[in-house]
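Working notes, structure below.
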Amino acid sequence: MTAPVKKLSVKEKELAERKTPWKSVYVISFLLLLTGLQMSIYFTSTWQYLSENDESVTVDFFGVLLALQALASAFANPLFGYWNQVSASTRNPVFCACGIAGFGNLLYGFAYLAPPYVKWVMLFSRILTGFSPGALGVLRSFIGTASTQEDRMKAVSITNAGFTAGFFLGPTIQICFIPLGKDGFYIGPFLINMYTSAALFMTIVSVLSILLTYFFLEENYVGIISEEEKNQDPYFVLPKFDRLPVLLLFYMWWLMCGVVCVESMAAPVTIAMYNWSREDAVLYNGIIQTVSCVFTFIVNFSLASTKLKTIDNRLLLLCGLVFFEVFFILHMPLPFYPGPLDRPGTLNSTISEVGRCEFDWCDSTPRVPLPLYLVICSAIIGLGFPLISSTSSSLLSQIIGPRKQVFVVRKMAFILSFQGTVQGFFAFTGAFSQFVVSLFSTRLFELSGYKWIMIYHWSIVTVAIISTLFLWRRLIPLKMTPSNGEATRYKLGTFYRM
């Protein structure tokens, strides 16, 4: 089927003349910062809080807890995305996500009051807190549709700077509560210590997110062509986007969110490798995350405000993948590293207060040299993370083009019966990655250490590098004005520009 069309330069000019609502962009950036805090503040302390209040917990259960939180986020993302699509509202899904997460944080803070069911209460609370990252797709979709093509990279970099700053600052916030110690003090029957105070802080953050959205977020979608605008121009045709590079970018998000699981395993890994106590693990890993945040902020700031933003997104993406490749190679227990790890006199399946490696694989596993570990977990990750995150998000919205980023998931070969924003499913992919990787990572760690975990991630990154090079010419923005005589697909068939 063919259809006559006229030149699209007029419509492209109209899009170029629009102005990005920067106030709303900065509001979304701050909301993403708070979302990042929610995702990471408990990274370095959950295992300690859980094991101190329930002696029956194992590393396996810890993995299930992390996985189910990610699973909640995975399913919340497309559901909130669908709600956002049918209601044409960004606010309502954000209100719901933050409200549920606020209750989950409160429950997490008071989980110690429910012996012998502490671990189950904590598990339920972490499932609820998973709903806050469930709004990621809605927030990212807003940036993709509320920024112009010219401002897209800057807007994405600013909002990614907010998210990554919050994500890496989470453990730093946890450090601030360390002086309270595990004994803390009581207000009536409630214990306020280094663990519960962080949960109360995040409850306040959830309320703040709701207020910020209600009073300051203006929903102005200047980056899309609305149905009314399409109807005004009977000759206007919006080409279909290339799905294969979109799937590759989904894979990139799977890869990057899998790295988050490495961050969440930092406490038991460093306790085993370096004999750190639980309190030391919270403090030192928090410091590492803070330094990493500095590198991430510098990269995001450069992407938004310097000539770095003019560099080809594909090249920046490839650089980020190379940083990740280096990280996972150096994080493997290479045979020339010092070792083996120190073990206590008794064998069991938990990690002790003293801080020793208490698994069978400890006798044959070398440790990553501490100076090297500090460098790769701060500088290398801090540099690679924003290069992949910002460029993936920017490329995704550019490839999709100026449309209300929606598709039927069945068409992407997934047996799901609902619609949702592309950004919502993008976030779903990352959250589901955390669910899967958390389960097998903790199990692998208990059975064989961190060797196979790092080999898995290295393999995933290697495939990503090869795929990026293979699809290099297709990782480009949607071509709205095709060349004369070029067959171009759209939703009703094929058109030719004469």
Side-chain angles (χ1 to χ4, degrees), residues 38-39 41-73 100-132 174 177-178 180-203 206 261 264-269 271-272 276-282 344-359 434-435 438-447:
Q38 178 64 78
M39 291 180 65
I41 191 170
Y42 303 129
F43 272 1
T44 59
S45 61
T46 298
W47 169 255
Q48 294 87 324
Y49 182 36
L50 180 63
S51 58
E52 286 178 11
N53 288 280
D54 194 326
E55 295 181 356
S56 67
V57 297
T58 63
V59 175
D60 268 348
F61 184 84
F62 177 57
V64 171
L65 183 147
L66 296 177
L68 289 182
Q69 179 184 6
L71 187 64
S73 179
I100 295 175
F103 178 70
N105 282 306
L106 198 62
L107 198 61
Y108 178 84
F110 295 133
Y112 70 93
L113 293 173
Y117 307 108
V118 172
K119 65 180 182 181
W120 302 112
V121 174
M122 196 173 296
L123 177 66
F124 180 63
S125 71
R126 292 302 294 270
I127 292 174
L128 294 180
T129 57
F131 277 83
S132 179
Q174 177 67 74
F177 299 111
I178 287 180
L180 293 174
K182 62 182 181 181
D183 297 325
F185 62 92
Y186 283 87
I187 299 179
F190 304 116
L191 173 64
I192 307 299
N193 64 9
M194 60 186 290
Y195 306 124
T196 61
S197 55
L200 296 177
F201 172 79
M202 289 311 303
T203 302
S206 298
C261 297
S264 63
M265 287 289 294
V269 168
I271 288 173
W276 291 349
S277 68
R278 288 167 175 159
E279 287 76 10
D280 287 342
V282 172
T346 58
L347 300 178
N348 54 59
S349 61
T350 63
I351 296 173
S352 72
E353 181 74 29
V354 178
R356 292 288 189 275
C357 185
E358 301 189 349
F359 303 97
Q434 289 179 273
F435 167 71
S438 292
L439 283 178
F440 77 73
S441 291
T442 51
R443 187 58 179 165
L444 279 176
F445 177 77
E446 195 167 35
L447 293 176

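Numbers for residues simply follow the sequence, beginning at 1.
- Counting non-hydrogen atoms of neighbouring residues, nucleotides and ligands closer than 6.0 angstrom, the CZ atom of Phe110 exceeds 12 such neighbours.
- Atoms CG and CG, on Leu123 and Leu68 in that order, are 5.5 Å from each other to the nearest 0.5 Å.
- Residues satisfying the side-chain hydrogen bond (donor to acceptor under 3.5 Å, both in side chains) criterion with Thr196, sequence neighbours excluded, are Asn193.
- Considering only residues two or more places apart in sequence or on other chains, Asp280 meets the salt bridge (charged side-chain N to carboxylate O under 4.0 Å, His left out) condition with none of them.
- The environment of Phe440 atom CZ is dense: over 12 non-hydrogen atoms of other residues, nucleotides or ligands sit within 6.0 angstrom.
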Inset, instruction - Report the C-alpha separation of Asn105 and Gln38 in whole Å, then their side-chain angles, then the decisive distance to 0.1 Å, and conclude whether the side chain to side chain contact (heavy atoms under 4.5 Å, CB included) test is met. - result: CA-CA 9 Å; Asn105 282 306; Gln38 178 64 78; 2.6 Å; yes
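- Note that the CG atom of Leu65 and the OG atom of Ser125 stand 7.0 Å from one another [nearest 0.5 Å].
- Panel note: side chain Thr442, backbone Leu439; a donor-acceptor pair is recorded below 3.5 Å.
- Using bins of under 30°, 30° to 60° and over 60° for the plane-to-plane angle, the ring pair Trp47/Phe62 lands in the perpendicular bin.
- Remark: Arg126 is not positioned above the aromatic ring of Tyr42, lacking an NZ or CZ atom under 6.0 angstrom from the ring centre and at most 45 degrees off the axis.
- Put simply, CG on Leu191 and NZ on Lys182 are 12.0 Å apart, with the number rounded to the nearest 0.5 Å.
- Residues meeting the side-chain hydrogen bond (donor to acceptor under 3.5 Å, both in side chains) test with Ser45, sequence neighbours left out: Gln174.
- Under the 4.5 Å side-chain criterion, counting only non-hydrogen atoms from C-beta, Phe201 is in contact with Phe177.
- Between Ser132 and Met202, every side-chain heavy-atom pair lies at or beyond the 4.5 Å cut-off.
- Within the model, atoms CG of Leu447 and CG of Asp60 stand 7.5 Å from one another, a figure rounded to the nearest 0.5 Å.
- The closest donor-acceptor contact from the side chain of Ser73 to the backbone of Gln69 lies at 3.5 Å or more, if one exists at all.
- Side-chain contact of Asp54 with Tyr49: a donor-acceptor pair under 3.5 Å is absent, judged by distance alone.
- In this structure the side chain of Thr129 never reaches within 4.5 angstrom of the side chain of Leu107, judged on heavy atoms.
- Inter-residue side-chain proximity for Phe190 and Tyr112 is flagged as met; some heavy-atom pair is nearer than 4.5 Å.
- Here Thr46 contributes atom OG1 and Tyr195 contributes atom OH; the two are 10.0 Å apart, rounded to the nearest 0.5 Å.
- In this structure the side chain of Pro268 reaches within 4.5 angstrom of the side chain of Phe445, judged on heavy atoms.
- Residues Val269 and Trp276 form no side-chain contact, since every pair of their non-hydrogen atoms from C-beta on lies 4.5 Å or further apart.
- Atom CD1 in Ile271 sits 7.5 Å away from atom OG in Ser277 (nearest 0.5 Å).
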